[in-house]
Student: 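The structure follows.
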2 protein chains.
Amino acid sequence: MTGYAQFCPVAKAAEVFDQRWTLLVLREMVAGSTRFNDLHRGLPRMSRTLLSRRLTQLERKGIVERDETADGPVYELTDAGHELLPVLVAIGEWGVRWMSSLDEADLDPVFLLWDMHRRIDREALPDGQTIVALTFRDAAPELRRWWLLLAPDEVDVCDEDPGLDVDVHIDTTLEAFVRVWRGDLDWHDAVAQERIGLSGSRLLCRRLPHWFRLSYFAQVPRPGRG
Amino acid sequence: MTGYAQFCPVAKAAEVFDQRWTLLVLREMVAGSTRFNDLHRGLPRMSRTLLSRRLTQLERKGIVERDETADGPVYELTDAGHELLPVLVAIGEWGVRWMSSLDEADLDPVFLLWDMHRRIDREALPDGQTIVALTFRDAAPELRRWWLLLAPDEVDVCDEDPGLDVDVHIDTTLEAFVRVWRGDLDWHDAVAQERIGLSGSRLLCRRLPHWFRLSYFAQVPRPGRG
DNA sequence: CAGGATCCGATTAGATACTG
DNA sequence: CAGTATCTAATCGGATCCTG
């Protein structure tokens with residue numbers, strides 16, 4: 001049996017959500033990804049086979065629509081799919097408040113950089129190109145150093161030295177940076193406690209926090225803190 | 001691997017919700033059940049073994065607390081558990097709007113009567129005892145006839161004739177009655193279309209709809225209807 | 001880039017029987 | 001009433017390789 005055999009709306013909806021990875025595929029779509037490979041970049045640990053399977057299932061349920069376009073297939077949310085936004089928001093708000101313990105495996109720099117790159121506020125960036133280098137002291141050697149190439153018209157992430165002059169260097173740990181990203185830790189506190197080190201021009205270091213729109217859930221009030 | 005290895009709050013929460021039956025166990029708890037057997041009555045198709053396992057897992061995650069009381073163990077929601085209410089509401093609202101197709105297996109009279117019995121508005125009932133008999137013409141023979149023994153201080157459901165005078169008889173189909181219960185179909189329309197037949201005193205037939213508080217989701221506006 | 005096909009190991013759910 | 005123990009069958013997920 002695949003369903004719950006209950007007419008209750010929660011049960012009917014649960015038949016969608018109780019599938020492993022489905023909720024995260026929907027999160028990626030709500031975040032705006034429409035291409036197979038973009039979706040996969042937000043879900044690096046999911047096998048491509050399974051992503052393909054889930055997309056087909058979501059299509060059959062009327063939540064996703066697949067369009068064959070001139071430059072390849074794209075996946076779009078239907079009306080039913082778009083209305084999942086409040087559901088995902090409710091789930092995330094609860095998650096950030098109550099499921100906040102992170103273990104080492106959760107601190108994935110690949111996903112972090114992908115998430116950062118799509119939440120950069122381009123309008124807040126300086127004109128021209130700004131290079132930000134990131135070092136995560138606690139990451140595995142090959143995942144330790146990252147470069148963000150920021151410009152109002154394009155944002156790129158590199159895991160190799162692009163050989164350009166770095167404007168700001170962020171020296172931190174994955175643990176601290178993820179905590180800031182999630183909103184568990186305040187940026188200025190993290191800097192004050194030297195859990196985030198900044199080097200570069202005064203001006204840029206002061207402006208930099210405004211370039212990143214933190215995770216949507218960063219602003220959610222936490223239990224037991226005012 | 002059991003988790004998603006992502007620090008995203010949606011992913012951390014999804015590690016709770018992507019387990020089969022978990023969402024429905026939580027629904028039962030939010031609906032107020034605290035005893036093992038009561039929980040199971042709302043989940044008749046779930047094996048007791050699995051219910052037990054899910055309760056243990058929810059306890060480990062800090063969502064449920066098990067208390068050993070004088071008359072047996074009870075399961076209560078923690079603060080984290082109580083805060084799942086908005087999540088379940090969002091899920092159900094989406095479900096009732098978009099996952100509304102029901103197949104035969106979803107029309108389970110056992111669950112329907114259990115749900116009805118706990119949503120009776122005792123204050124709206126007449127004084128003394130009122131007996132309502134229900135017939136579902138399309139149900140399997142042994143699940144066709146039900147009796148509700150309604151009194152302001154106690155509500156009982158029987159699947160055998162209690163041998164008492166019936167005050168109101170409802171003659172309908174499971175299909176129609178479930179649609180009304182979910183709010184897909186209006187009570188008065190269903191009566192007018194003779195999908196629900198009522199016999200008994202005029203007064204009681206007119207009062208009867210007020211005794212049942214329909215599913216919480218009945219009031220949710222549906223797509224494509226105003 | 002965007003998948004499909006296949007195989008195998010891991011996980012899970014359900015049935016059944018039993019306990020205090 | 002409130003579960004546990006055990007076994008089996010089904011399902012699922014991932015890895016690998018292949019396609020246009």
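Reminder, nothing fancy here: chain letters follow the sequence lines and each chain counts from 1.
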Student: Between atom CD in B:Gln19 and atom P in C:dA13, what is the gap in whole Å?
Tutor: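 Computing the B:Gln19:CD to C:dA13:P distance gives 7 Å.
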Student: Would you kindly give the CG-to-C1' distance between B:Asp18 and C:dT12, to the nearest whole Å?
Tutor: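 To the nearest whole Å, that distance equals 13 Å.
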Student: Give a yes/no answer on whether the side chain of A:Tyr75 brings an N or O atom under 4.0 Å of OP1 or OP2 in C:dG3.
Tutor: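 For C:dG3, OP1/OP2 do have a side-chain N/O of A:Tyr75 under 4.0 Å.
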Student: Can you tell me how the ring of B:Trp21 sits relative to the ring of A:Tyr4, calling it parallel under 30°, perpendicular over 60° and tilted otherwise?
Tutor: perpendicular
Student: Quickly work out the B:Glu68 CD to D:dC1 C1' distance and round it to whole Å.
Tutor: 12 Å
Student: How many whole angstroms separate atom CZ of B:Arg66 from atom P of D:dA2?
Tutor: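 Distance, rounded to whole Å: 10 Å.
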Student: Considering residues at least two apart in sequence or located in another chain, which fulfil the ring-ring contact (aromatic ring centres under 6.0 Å, His included) criterion with B:His117?
Tutor: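 ring-ring contact (aromatic ring centres under 6.0 Å, His included) check on B:His117 returns B:Trp114.
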Student: Look at the side-chain N and O atoms of A:Arg35 and state whether any lies under 4.0 Å from the OP1 or OP2 oxygen of C:dG3.
Tutor: no
Student: Considering non-hydrogen atoms only, spot the tightest contact between A:Trp94 and B:Glu83 and give its length.
Tutor: CD1-O, 3.7 Å
Student: To check you understand the geometry: which heavy-atom pair defines the closest contact between B:Pro44 and A:Gln6, and what is its length?
Tutor: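 Distance-wise, the nearest heavy atoms are CD-NE2, 4.0 Å.
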Student: Just grab all the side chain to side chain donor-acceptor pair (under 3.5 Å) pairs involving residues 138-147 of chain B, residues at least two apart or on different chains.
Tutor: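 Listed once each, the pairs would be none.
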Student: Taking only residues two or more places apart in sequence or in another chain, which ones pass side-chain contact (heavy atoms from CB on, under 4.5 Å) with A:Pro152?
Tutor: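 Scan of A:Pro152 (side-chain contact (heavy atoms from CB on, under 4.5 Å), adjacent residues dropped) gives none.
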Student: Enter the distance from A:Ile63:CD1 to A:Tyr75:OH here, rounded to the nearest 0.5 Å.
Tutor: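 If we round to the nearest 0.5 Å, A:Ile63:CD1 and A:Tyr75:OH are 15.0 Å apart.
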Student: Can you list, in residue-number order, the parts of residues 49-59 of chain B that come under 4.0 Å of DNA chain C, counting heavy atoms only?
Tutor: B:Thr49, B:Leu50, B:Arg53, B:Arg54
Student: Would you mind reading off the distance between B:Arg45 atom CZ and C:dG14 atom C1', rounded to a whole angstrom?
Tutor: 12 Å
Student: Roughly how many Å is it from CE in B:Met46 to P in C:dG14, rounded to a whole number?
Tutor: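 Value for this atom pair: 8 Å.
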Student: Please give, in whole Å, the distance from C:dT19 C1' to B:Phe36 CZ?
Tutor: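 The distance from CZ of B:Phe36 to C1' of C:dT19 comes to 14 Å, rounded to the nearest Å.
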Student: With A:Asp108, which residues qualify under salt bridge (charged side-chain N to carboxylate O under 4.0 Å, His left out), at least two apart?
Tutor: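 None.
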Student: In residues 104-113 of chain A, what residues come within less than 4.0 Å of DNA chain D, judged by heavy atoms?
Tutor: none
Student: Are A:Asp71 and A:Arg35 ion-paired here, with the side-chain N under 4.0 Å from a carboxylate O?
Tutor: yes
Student: Would you say A:Arg41 reaches C:dC1's phosphate, i.e. side-chain N/O to OP1/OP2 under 4.0 Å?
Tutor: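 Result: yes.
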Student: Rounded to whole Å, please give me the gap between NE2 in A:His40 and P in C:dC1.
Tutor: 12 Å
